[in-house]
Amino acid sequence: MFSRYAILVACLVLLFNPNVYGDEQVVMLENMDLSKIYNAWTGILPKAGKNINGGPMVVGGVEYKHGIGMHSETEFTVDLKGVTTRFEATFGMDTSCGTGGSATLEIWLDGENVYQTGVLSGVSAPENINIDTTGARELTVVITNGGNGLHGDFADLADAKLTLVADAKSVPEIVKLPDNLPTMKIASKTPKEPAIHGPRVVGTTPGKPFLFLIPATGEAPLLYSVVGLPDGLMLDSASGKITGSVESRGTYVVELTVTNQLASNKRKLTIVADPGHLALTPPMGWNSWNAKGLSISDQKIREIADAMVSSGLAAHGYQYVNIDAGWGKSRDENGELSPNEKFPNMKALGDYIHDKGLKFGIYSSPGPSTCGQCPDGSPEPGSYQHEAQDAGTFAKWGVDYLKYDMCSLGNMLAGKGRNEYIKAYRIMTDALADCDRDIVYSLCEQGVNQSWEWGASINGQLWRDTHDIFDLWASMTGIGFSQNNRTSYSTPGHWNDLDMLVVGKVGWGPTPRPTTLTPNEQITHVSLWAMLSAPLLLGNDLTQMDQFEIDLLTNDDIIDVDQDPLGIPARRISNKGRLEVWAKPLWDGTMAVAFFNRSLHRANIIVNWSDIGLLTPQPVRDLWLRKYMGIFKDSYEATVPGHGATVIKIGRGVQ
Ligand code: GLA
């Protein structure tokens with residue numbers, strides 16, 4: 001029996017809400033606010049009744065008029081308001097992605113994973129989803145990239161609908177986190193007493209130039225000293241710069257000391273002098289792409305180098321200043337690369353960077369052109385068939401780091417097996433080894449040819465195992481949280497590169513703008529990259545940092561987790577209701593544990609010591625707060641806001 005009131009409400013809902021169709025009492029998801037969907041593919045928004053590209057939605061040979069056309073990675077949450085009984089949809093890859101795209105679908109109901117597909121491709125049969133939602137409050141849909149990057153992942157949730165209870169007084173809607181939630185507290189002060197930071201182990205090739213700026217903070221002036229430097233190296237005690245070249249192969253443990261008028265601080269640094277042993281901890285620095293795109297110039301790079309020092313980032317271990325696409329122009333009659341007019345003198349730029357104790361990175365491609373452009377719009381030359389010559393040019397300019405981006409090689413080798421790609425990348429390995437300086441080799445093939453499986457075998461120090469990151473929650477988390485099966489490939493000297501950080505001001509062009517990630521999401525981003533031992537290559541405009549960015553990027557406790565000399569990335573310990581716990585063993589016998597809240601709600605996340613193999617009470621330090629929390633008997637519980645993260649360190653000696 002309907003009460004008069006219920007009939008009135010039903011009539012009003014039918015009259016004023018276009019989501020409800022006649023007496024069917026269903027809500028089509030496509031009629032909700034699709035702008036609230038977390039979407040990783042920049043510029044292309046989910047489409048109602050069409051595939052992501054605006055074409056007909058065809059799944060399993062059937063054309064659907066209703067549903068949402070999406071692109072991995074995507075995530076959205078529907079507030080069910082307790083008024084639904086059923087969720088139904090047909091999920092599959094849109095026929096337009098052919099065999100190229102792939103994705104998986106997860107469905108979470110009030111934090112329980114109630115549906116999970118395997119990896120579907122364009123030729124897989126679609127799956128029909130029919131889930132009882134009676135009484136449930138929240139439904140979350142997650143589309144992952146299926147493990148092979150997101151290119152061409154056009155995924156359709158066809159005929160997606162919710163059935164309502166007969167007397168529904170409200171209508172379900174897609175919800176996302178408000179942007180103005182309070183920011184989690186993070187430590188903001190760097191003590192005045194001296195402290196040494198950054199890597200505890202560095203590699204070099206005997207006979208090649210060595211440069212290491214001892215990263216140290218404390219009230220100026222700081223005075224540096226070192227005991228046990230190998231023959232060939234010397235220290236500048238006023239700047240903390242160690243230069244020279246190690247004469248003989250060996251492993252040298254040196255003791256660094258930094259002193260100011262308040263106190264002294266000591267730390268051991270291991271110098272491994274052995275060919276092929278570079279980047280023994282994940283590289284830390286900056287890359288121009290996310291901040292500046294093609295708008296870079298000599299002047300802007302100098303300003304970044306200045307800011308890396310003046311903001312204090314260098315004192316916390318950031319050292320690389322890497323130019324991405326947009327510096328090149330052409331080759332001269334001898335085949336020699338020349339930079340464009342925005343870079344009048346590359347050698348002088350390299351010297352400028354080195355004078356500050358920082359290192360200089362550049363960008364090229366194994367193909368004939370890079371992914372960038374010259375200022376006149378023509379393709380930027382890559383190193384194809386000029387590998388040794390270009391490596392020699394880079395060495396002459398003082399380059400310390402080369403990002404080698406697949407780009408046009410992909411078109412040349414389309415349809416060929418991955419061995420051809422490996423061969424192309426190996427040519428540059430050999431060319432770099434023949435140079436008279438150490439150049440860190442950063443492979444970038446965006447995960448298309450699974451470089452994590454072969455990058456180390458050709459002595460790549462790092463390899464991009466993902467497509468390009470964007471400053472979007474679904475992009476950052478899609479990359480970070482999908483690393484769990486790949487972490488074993490990262491070891492000292494060889495790292496999975498999860499792409500540059502999208503914190504602070506980014507924009508891929510002349511006028512950087514604030515990232516769309518909220519402060520708590522940025523805390524999650526840095527926590528995740530540090531836990532995964534990922535290179536910390538900043539993508540923000542260092543000349544425009546605010547206090548939050550500085551605090552976010554200079555937390556030495558978090559940086560120490562990233563730079564841990566064991567180089568063992570975290571693994572996922574638990575994943576309950578979008579609440580995840582990851583743990584990472586550290587060199588001093590302690591462990592870092594991160595609590596990630598991927599849900600929209602504040603939640604308590606717990607780790608039991610027994611889950612991570614510990615049996616006795618443990619001292620705990622909160623790393624973002626940089627604060628000792630006490631001794632905890634058999635577990636630790638963190639209260640974490642939606643999309644936020646907490647990182648702790650536990651174990652003997654923690655204070
Ligand atoms: C590719 C890379 C990016 C950047 C651009 C430059 O997309 O993945 O990191 O280097 O090229 O065009």
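Both counts, for ligands and for their atoms, begin at 1 and track the order of listing.
With Tyr421 as the aromatic partner, Lys416 does not meet the cation-pi criteria of under 6.0 angstrom to the ring centre and within 45 degrees of the ring axis.
The environment of OH in Tyr384 is sparse: at most 12 heavy-atom neighbours from other residues, nucleotides or ligands sit within 6.0 Å.
Distance from atom 3 (C) of ligand 1 to its nearest protein heavy atom, with residue and atom name: Asp468 OD2, 3.5 Å. For atom 5 (C) of ligand 1, the closest non-hydrogen atom of the protein is Trp289 CE2, 3.6 Å. Scanning the protein for heavy atoms near atom 9 (O) of ligand 1, the closest one is Lys403 NZ, 2.8 Å. Ranking the protein heavy atoms by distance from atom 4 (C) of ligand 1 puts Asp324 OD1, 3.4 Å first.
A donor atom on one side chain and an acceptor atom on the other are not found under 3.5 Å apart for His467 and Gln446.
By the 4.0 Å N-to-carboxylate-O rule, Lys396 lies too far from Asp436 to be salt-bridged with it.
Close approach to Ala325 involves these atoms of ligand 1, each under 4.0 Å from a residue heavy atom: 6 (C), 12 (O). Close approach of ligand 1 to Gln446 (heavy-atom distance below 4.0 Å) involves ligand atoms 1 (C), 2 (C), 7 (O), 8 (O).
Trp289 and Tyr363 have their aromatic ring centers separated by at least 6.0 angstrom.
Within the structure, ligand 1 has Arg464 among the residues with a heavy atom less than 4.0 angstrom away.
Among the candidates Thr281, Asp556, Ile558, the single residue satisfying the side-chain contact (heavy atoms from CB on, under 4.5 Å) test with Gln563 is Thr281.
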